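Take a look at the structure below.
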Amino acid sequence: MDTSLSAPMTTESPTSKDSGIYLDYNATTPVDPEVYARMEPYFKEYFGNPASAGHHWGWAADNAVQKARGQVASLIGAKANELIFTSGATEANNWVIFGLISKLRNENPYEPIHMITSCVEHSSTMKAMEAAQKLNVEVDFLPVNLYGQVDPEAVRKAIKPHTKLMSFIWVNNEIGTINPISEIAKIAKENQIYLHTDATQAVGKIPMNVTELGIDLMSFSGHKIYGPKGVGALFIRSKDPKVQINPLIYGGGQERGLRSGTLNVPAIVGLGFAAEICQRHLYTEAARLLSLRQLLWQKLQVAIPGIRMNGHPTERSPNNLSVTLPVKTDSLLSHLQKLGVSTGSACSSGAMTVSHVLRGIGLNSDQAQSTLRLSLGRWTTENEILRAADILQNAIPKKIV
Ligand SMILES: Cc1ncc(COP(=O)(O)O)c(C=O)c1O
């Protein structure tokens with residue numbers, strides 16, 4: 001196995017060397033130049049509409065979409081016809097929740113609906129669940145342990161006779177913790193409840209086979225796996241059980257009537273090829289990123305006394321390091337301009353909002369405001385990790401270190 005720390009696998013880094021060190025791959029990834037090259041002809045000579053069934057412009061576009069569907073299916077262990085392209089994971093997460101409510105209400109407007117989720121979901125699930133509550137859907141937001149994991153036994157206990165959906169994030173976007181999705185899937189199956197997972201930060205980073213795991217619905221996104229923004233997919237299981245949700249977007253009947261709208265062919269081609277590259281390098285890249293992350297953590301522990309890591313020590317995505325520093329991050333930002341990282345709090349309209357995920361794992365407001373997420377990716381090198389550790393050490397006031 002190639003675990004070389006400094007040799008990213010494909011072309012030269014698209015993250016410009018002069019503009020600093022990009023460690024925010026969980027926010028978004030650059031499009032892999034090879035992916036971009038595959039997309040380009042679909043803006044130009046192959047511009048056809050895949051729904052145009054009567055000429056070769058349409059056929060060329062349709063063939064490209066079908067190829068991409070196969071590439072994505074192969075990465076996650078699904079059948080090609082179980083994938084519907086969306087505008088991203090936000091749409092897919094919303095679709096699952098409102099598409100199921102719509103289906104159930106059509107069948108029986110009076111039957112109560114209960115859904116189970118957690119308090120550390122991405123906002124696209126959290127906010128959609130809150131909106132569902134306003135439609136008289138009962139929702140339980142389960143607490144998590146100190147690492148950010150849902151307890152499968154707590155899931156079992158939360159089930160009610162009218163529970164119709166469980167939705168849990170697979171890999172947490174802020175703290176990297178991996179949820180025990182396989183155990184939760186068994187509980188969902190025993191109770192004949194649909195299990196949806198937001199796998200936006202899991203796909204392409206950890207191996208998976210949705211068919212074997214018994215996942216019913218799964219959302220993910222192109223721009224977290226070196227594909228373009230504005231494209232993603234929803235996996236909808238076709239057998240054992242055949243999952244049924246109503247469309248969220250109605251119109252010309254594309255995607256077998258489940259998601260109307262002219263397909264974004266270049267982006268779909270990009271998502272497909274991005275999936276193929278991820279699959280090719282899944283294990284070697286995970287090992288490389290894990291070594292780099294461990295190196296970063298070793299360096300930071302020595303350089304910054306009092307630093308602590310958030311999330312699970314081992315059950316975590318290889319590319320994520322969330323740390324709480326002995327100082328608030330807003331005091332460091334001027335020093336960190338050349339370091340592309342995320343903070344655990346944001347200032348909106350003059351008020352400080354603190355991450356619900358960090359609160360969910362028990363951090364207080366000061367700790368959340370002292371938290372940084374460093375997320376590594378395809379073009380991160382050993383040299384960048386060493387420089388990033390230096391930058392952080394130098395940013396912390398000397399009386400603290
Ligand atoms: C876990 C998770 N879910 C959903 C999303 C939203 O994805 P998209 O940008 O494709 O809508 C993100 C992106 O930050 C994410 O990390």
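These numbers were taken from a predicted model, which means no experiment stands behind them. Count residues from 1 along the sequence.
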Residues two or more places apart in sequence or in another chain: which of them pass ring pair (Phe, Tyr, Trp, His ring centres under 6.0 Å) with [X]?
X      : result
His162 : His114
Tyr46  : Tyr42
Tyr147 : His312
His122 : none

With sequence neighbours excluded, tell me which residues meet side-chain contact (heavy atoms from CB on, under 4.5 Å) with [X].
X      : result
Asp240 : none
Leu213 : Trp170, Ser182, Ile215
Asn106 : Ser102, Asn246
Phe141 : Thr117, Met126, Met129, Glu130, Gln133, Val139

Atom of [X], atom of [Y] and distance for their closest heavy-atom approach:
X      : Y      : result
Pro318 : Ala286 : CB-O, 3.5 Å
Thr381 : Leu292 : C-CD2, 4.1 Å
Ala368 : Val354 : CB-CG1, 3.2 Å
Ile181 : Ile169 : CD1-O, 4.3 Å
Glu183 : Pro152 : OE1-CG, 3.6 Å
Leu165 : Ile193 : N-CG2, 3.6 Å

**Message:** What verdict does the side chain to side chain donor-acceptor pair (under 3.5 Å) test give for Asn310 and Thr324, after you've listed the backbone C-alpha separation in whole Å, the side-chain angles of each residue and the deciding distance to 0.1 Å?
**Reply:** CA-CA 7 Å; Asn310 300 304; Thr324 299; 3.0 Å; yes

**Item:** Derivation and outcome, side-chain contact (heavy atoms from CB on, under 4.5 Å), residues Thr163 and Asn191
**Value:** CA-CA 9 Å; Thr163 306; Asn191 291 278; over 6 Å; no

**Request:** List the steps, then state whether side chain to side chain donor-acceptor pair (under 3.5 Å) holds for Ser375 with Asn320.
**Result:** CA-CA 5 Å; Ser375 46; Asn320 171 295; 5.9 Å; no

**Matching residue for Val341 among Leu372, Ile391, Thr329 - test: side-chain contact (heavy atoms from CB on, under 4.5 Å)** =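 The single option meeting the side-chain contact (heavy atoms from CB on, under 4.5 Å) with Val341 is Leu372.
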
**Asked** Are a donor atom and an acceptor atom from the side chains of Ser238 and Glu82 found within less than 3.5 Å of each other?
**Response**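 Checked: Ser238/Glu82 side chains pair up, N/O donor to acceptor below 3.5 Å.
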
**Asked** Any side-chain heavy-atom pair from Pro30 and Tyr25 closer than 4.5 angstrom?
**Response**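 In contact.
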
**Request:** For residues Leu100 and Leu104, determine if any side-chain heavy atom of one lies less than 4.5 Å from a side-chain heavy atom of the other.
**Result:**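 Of all side-chain heavy-atom pairs linking Leu104 with Leu100, at least one is under 4.5 Å.
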
Salt bridge or not for [X] and [Y], using N-O below 4.0 Å?
X      : Y      : result
Lys103 : Glu107 : yes
Glu111 : Arg105 : no
Arg259 : Glu91  : yes
Arg69  : Glu255 : yes
Arg156 : Glu153 : yes
Lys44  : Glu40  : yes

Quiz: residues 293-303 side-chain donor-acceptor pairs under 3.5 angstrom, not counting sequence neighbours:
{"unit_1": "Arg293", "atom_1": "NH1", "unit_2": "Ser317", "atom_2": "O", "d": "2.7"}
{"unit_1": "Trp297", "atom_1": "NE1", "unit_2": "Gln301", "atom_2": "OE1", "d": "3.3"}

**Request:** Begin from the C-alpha positions of Gln367 and Ser370 and carry the test side chain to side chain donor-acceptor pair (under 3.5 Å) through to its verdict.
**Result:** CA-CA 5 Å; Gln367 289 167 324; Ser370 308; over 6 Å; no

**Prompt:** Does the side chain to side chain donor-acceptor pair (under 3.5 Å) test come out yes or no for Thr177 and Glu315, once each step is laid out?
**Reply:** CA-CA 6 Å; Thr177 294; Glu315 292 295 303; over 6 Å; no

Kindly compute the distance separating [atom1] ([X]) from [atom2] ([Y]), expressed to the nearest 0.5 Å.
X      : Y      : atom1 : atom2 : result
Leu332 : Gln337 : CG    : CD    : 12.0 Å
Gln201 : Asn26  : CD    : CG    : 4.0 Å
Asp140 : Cys119 : CG    : SG    : 12.0 Å

**Request:** Give a yes or no answer on whether the side chain of Asn319 reaches the backbone of Leu376 with a donor-acceptor pair at less than 3.5 Å.
**Result:**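 Checked: pair present.
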
**Prompt:** Any sub-3.5 Å donor-acceptor pair from Arg373's side-chain atoms to Thr343's backbone N or O?
**Reply:**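 Checking the backbone N and O of Thr343 against the side chain of Arg373, no donor-acceptor pair under 3.5 Å is found.
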
**Prompt:** Got a sec, which residues hit salt bridge (Lys or Arg N to Asp or Glu O under 4.0 Å) with Lys328, two or more places apart in sequence or on another chain?
**Reply:**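 Here the qualifying residues are Asp366.
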
Using atom types as modelled, flag every donor-acceptor pair under 3.5 Å from a side chain in residues 261-279 to any protein atom, sequence neighbours excluded.
{"unit_1": "Glu276", "atom_1": "OE1", "unit_2": "Gln71", "atom_2": "NE2", "d": "2.7"}
{"unit_1": "Glu276", "atom_1": "OE2", "unit_2": "Arg280", "atom_2": "NH2", "d": "3.1"}
{"unit_1": "Gln279", "atom_1": "OE1", "unit_2": "Ser74", "atom_2": "OG", "d": "2.8"}
{"unit_1": "Gln279", "atom_1": "NE2", "unit_2": "Ser74", "atom_2": "O", "d": "3.4"}
{"unit_1": "Gln279", "atom_1": "NE2", "unit_2": "Ser74", "atom_2": "OG", "d": "3.2"}

**Prompt:** Which pairs, with at least one residue in residues 213-230 and sequence neighbours excluded, count as a side chain to side chain donor-acceptor pair (under 3.5 Å)?
**Reply:**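 Qualifying pairs: Thr28-His223, Thr28-Lys229, Asn93-Ser219, His196-Ser219.
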
**Message:** Tell me if the NZ atom of Lys127 is crowded by more than 12 foreign heavy atoms within 6.0 Å.
**Reply:**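 Not more than 12 within 6.0 Å, no.
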
